[in-house]
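Worksheet: one structure, shown below.
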Amino acid sequence: MSKGNLLKNENYQPGLSIDCVIFGFHDNQLKVLLIKTPYENKWSLPGGFVPLDMDIDAAAVSVLNERTGIEGIFLRQFATFGKVKRNDKHFDEAVLDHFKIPKEAGKWFMQRFVTIGYYALVDFLKAIPQKDNSQEIIEWIDHKEVPELILDHKEILDKALDTLRIELNLMPIGYNLLPEKFTIPELQKLYETILDKQLDRRNFLRKITNIGILNKLDEKKSNVAHKAPNLYSFDKDKYEEVLKNGLNQGW
């Protein structure tokens with residue numbers, strides 16, 4: 001969020017905003033990308049306003065890029081949040097005070113905003129935040145260790161996670177979250193981390209194999225203490241086909 005954006009209220013759709021929940025998987029942790037601004041002690045999701053001359057989906061991509069510097073991310077719209085009291089007068093005033101904007105000039109910012117939630121699963125090692133605003137902190141934080149968030153951002157994050165878990169039963173995941181070559185235990189750990197429950201090893205292997213999206217490689221994982229497990233990769237064409245047609249199984 002910048003002073004310029006707050007002052008150019010005539011360029012934005014009144015009462016409408018966008019908040020993005022960006023998930024990445026690293027070191028067996030499902031992480032979420034959060035921002036801490038100089039005008040609030042709490043953290044927040046990357047968010048912003050909707051330009052009048054831009055489609056909603058395009059605006060989401062633009063907001064994410066502006067707040068984090070991340071490009072080329074496919075964002076999925078998952079829910080709309082519009083409780084009457086989702087705004088916070090104290091937070092709004094703190095923002096205006098920080099940017100030295102008179103309340104009359106920032107009146108539009110203090111109105112009720114309905115926000116559209118978007119989420120994405122990204123390659124943690126490739127989606128590297130770029131900080132244009134040196135006063136803001138952008139960090140990947142374990143989804144189980146998320147600190148207090150502004151406004152209703154915790155509700156938005158929880159809803160995104162619930163949506164992700166539901167969609168795990170409807171489509172495959174992992175293509176953007178795992179390295180090019182991985183083991184079945186690593187893939188299973190990804191699913192267990194998102195679902196927040198343990199899965200039976202044999203059942204997982206049977207189900208994931210039956211989907212038909214894996215290629216078993218003639219390689220084994222190196223530098224392991226015990227018996228080296230086989231390495232796998234995703235069959236991109238079959239993966240895309242299953243994404244299009246969907247799954248009909250649960251975990």
Side-chain angles (χ1 to χ4, degrees), residues 20-34 45 73-79 117-127 140-147 154-251:
C20 302
V21 183
I22 310 302
F23 292 115
F25 189 71
H26 185 64
D27 287 341
N28 289 332
Q29 292 180 337
L30 183 67
K31 296 178 180 288
V32 61
L33 194 63
L34 297 178
L45 299 168
I73 299 300
F74 175 69
L75 291 160
R76 297 172 62 86
Q77 188 179 138
F78 69 93
Y118 282 80
Y119 88 93
L121 296 170
V122 304
D123 185 333
F124 177 89
L125 296 176
K126 292 181 180 178
W140 287 103
I141 296 177
D142 183 348
H143 78 291
K144 288 191 172 184
E145 298 178 1
V146 169
K154 181 62 165 60
E155 179 185 344
I156 297 172
L157 171 57
D158 289 344
K159 181 65 175 179
L161 190 55
D162 287 343
T163 303
L164 176 58
R165 287 168 177 162
I166 291 170
E167 294 197 345
L168 202 60
N169 295 315
L170 306 175
M171 64 182 67
I173 65 161
Y175 189 79
N176 292 329
L177 300 175
L178 292 172
E180 183 180 352
K181 300 175 183 180
F182 53 87
T183 66
I184 293 297
E186 289 170 339
L187 180 59
Q188 181 173 335
K189 184 60 180 178
L190 168 62
Y191 275 68
E192 289 178 336
T193 301
I194 292 174
L195 293 169
D196 197 24
K197 68 177 184 180
Q198 286 192 322
L199 301 173
D200 180 80
R201 180 176 60 84
R202 291 180 181 177
N203 282 342
F204 179 80
L205 178 60
R206 175 177 55 81
K207 287 182 177 182
I208 202 71
T209 301
N210 288 343
I211 295 174
I213 57 174
L214 299 181
N215 290 326
K216 186 176 181 180
L217 305 176
D218 190 23
E219 297 179 54
K220 293 186 180 290
K221 189 175 180 68
S222 58
N223 300 321
V224 292
H226 305 289
K227 182 180 178 182
N230 288 101
L231 287 172
Y232 291 77
S233 66
F234 286 112
D235 185 316
K236 191 172 186 303
D237 291 338
K238 291 181 180 178
Y239 192 100
E240 293 291 339
E241 183 180 340
V242 175
L243 273 182
K244 184 170 63 176
N245 296 327
L247 296 170
N248 58 359
Q249 68 175 36
W251 297 99

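- The minimum heavy-atom distance between Gly212 and Lys238, with the atom names listed, is O-CD, 3.1 Å.
- Counting non-hydrogen atoms of other residues, nucleotides and ligands closer than 6.0 Å to OH of Tyr175 gives a total of 12 or fewer.
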Practice prompt. Might you work through the side-chain contact (heavy atoms from CB on, under 4.5 Å) test for Arg201 and Ile184, ending with a clear yes or no?
Written response: CA-CA 9 Å; Arg201 180 176 60 84; Ile184 293 297; over 6 Å; no
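- Between Phe23 and the choices Leu177, Val122, Leu161, the side chain to side chain contact (heavy atoms under 4.5 Å, CB included) rule is met once, by Leu161.
- Every residue was checked against the side-chain hydrogen bond (donor to acceptor under 3.5 Å, both in side chains) condition with Lys236, not counting sequence neighbours, and none meets it.
- Taking 4.5 Å as the limit, some side-chain heavy atom of Phe204 sits within range of a side-chain heavy atom of Leu187.
- Leu190 contributes atom CG, which lies 7.5 Å from atom CG of Leu168 (distance to the nearest 0.5 angstrom).
- Taking NZ of Lys31 as the reference point, atom CZ of Phe124 lies at 5.5 Å (rounded to 0.5 Å).
- Phe25 has its side chain within reach of Thr193: a pair of non-hydrogen atoms, C-beta onward, lies under 4.5 Å apart.
- The CG atom of Asp123 sits 10.5 Å away from atom NE2 of His26, with the distance rounded to the nearest 0.5 Å.
- Crowding of Arg202 atom CZ: a count of heavy atoms from other residues, nucleotides or ligands under 6.0 Å not exceeding 12.
- Going from atom CD1 of Ile73 over to atom CG of Leu33 covers 10.0 Å, rounded to the nearest 0.5 Å.
- With rounding to the nearest 0.5 angstrom, the CD1 atom of Ile22 is 10.5 Å from the CG atom of Leu34.
- In this structure, the side chain of Asp142 engages the main chain of Lys144 through a donor-acceptor pair within 3.5 Å.
- Summarising the geometry of Pro172 relative to Leu247, their closest heavy-atom pair is N-CD1, 3.8 Å, with the distance given to 0.1 Å.
- In this structure, Phe78 and Ile156 have side chains that are in contact, with non-hydrogen atoms separated by less than 4.5 Å.
- Contact detail for Met171 and Leu243: the closest heavy-atom pair is CB-CD2, 3.9 Å.
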Worksheet item: Between Leu45 and Tyr118, is a side-chain contact (heavy atoms from CB on, under 4.5 Å) present by the stated rule, with each step listed?
Response: CA-CA 11 Å; Leu45 299 168; Tyr118 282 80; over 6 Å; no
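- Atom NZ of residue Lys221 and atom CD of residue Glu186 lie 4.0 Å apart, to the nearest 0.5 angstrom.
- Applying the side-chain hydrogen bond (donor to acceptor under 3.5 Å, both in side chains) test to every pair with at least one member in residues 156-171, sequence neighbours left out, gives these pairs: Arg76-Glu167, Tyr119-Glu167, Lys154-Asp158.
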Item to complete: In sequence, state the C-alpha distance, the side-chain angles, and the governing distance for Thr183 and Leu231, and then conclude on side-chain contact (heavy atoms from CB on, under 4.5 Å).
Response: CA-CA 5 Å; Thr183 66; Leu231 287 172; 3.9 Å; yes
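- When the ring-ring contact (aromatic ring centres under 6.0 Å, His included) test is applied to Phe74, no partner is found at least two apart in sequence or on another chain.
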